[in-house]
Amino acid sequence: MILEHAFQAALLAASLGLGAFCMILSRRLRRLNDLETGLGGAIAVMAAEVDRLDSAVRDAKTEAAAAAEALSREIASARKERALWDLRQKITQAQAQSPVAAAAPVIPMRRLRKRVVAADA
């Protein structure tokens, strides 16, 4: 009978100890999940920053694609201008070498300047 009471006392003491431990853990968890001062607030702030950075990356990709497309158009335009200028030079040289052109003065063709467009940066 004394052994049975000792086991019940030990069980009661262990139950009270576990109850106190659970209460302490509950309070700590509540403080940890607090949205203003705890880890929950830090997680909410990080999630907002991740969303903001994600949208910034998407915007940068869109702008880079638009800039690459504009640059390829400018390169194609410059190549066309260069080919036209080369063709005019060849025509001028051919006219200068022909006997008919000796009577008429040769007006050299000037290369056109590229227009400077102010870009918003």
Acceptor/donor pairs from residues 48-69 side chains to any protein atom, 3.5 angstrom cut, sequence neighbours excluded:
{"unit_1": "E49", "atom_1": "OE1", "unit_2": "R52", "atom_2": "NE", "d": "3.2"}
{"unit_1": "E49", "atom_1": "OE1", "unit_2": "R52", "atom_2": "NH2", "d": "2.9"}
{"unit_1": "D54", "atom_1": "OD2", "unit_2": "R58", "atom_2": "NH2", "d": "3.0"}
{"unit_1": "S55", "atom_1": "OG", "unit_2": "R52", "atom_2": "O", "d": "2.8"}
{"unit_1": "T62", "atom_1": "OG1", "unit_2": "R58", "atom_2": "O", "d": "3.0"}
{"unit_1": "E69", "atom_1": "OE2", "unit_2": "R73", "atom_2": "NH1", "d": "3.1"}

(request) Look up atom CD in Q89 and atom CG in L84, then write down how far apart they are to the nearest 0.5 Å. (result) 10.5 Å
(request) Applying side chain to side chain contact (heavy atoms under 4.5 Å, CB included), name anything that partners L87, two or more places apart in sequence or on another chain. (result) I91
(message) Once side chain to side chain contact (heavy atoms under 4.5 Å, CB included) is applied, do any residues pair with L3, and if so which ones, sequence neighbours excluded?
(response) F7
(request) Could you pull out all residues at least two apart from E74 that satisfy side chain to side chain donor-acceptor pair (under 3.5 Å)? (result) K114
(request) State whether R82 and D86 are salt-bridged, where the test is any N-O pair (Lys NZ or Arg NE/NH1/NH2 against Asp/Glu carboxylate O) under 4.0 Å. (result) yes
(request) Name all pairs fulfilling the side-chain hydrogen bond (donor to acceptor under 3.5 Å, both in side chains) condition that reach into residues 1-13, sequence neighbours left out, sorted by first residue then second. (result) none
(message) Just verifying a value: how many Å separate L16 CG and L11 CG, rounded to the nearest 0.5 Å?
(response) 9.5 Å
(request) Kindly state each residue pair satisfying side-chain hydrogen bond (donor to acceptor under 3.5 Å, both in side chains) with at least one member in residues 19-31, sequence neighbours excluded. (result) S26-R30
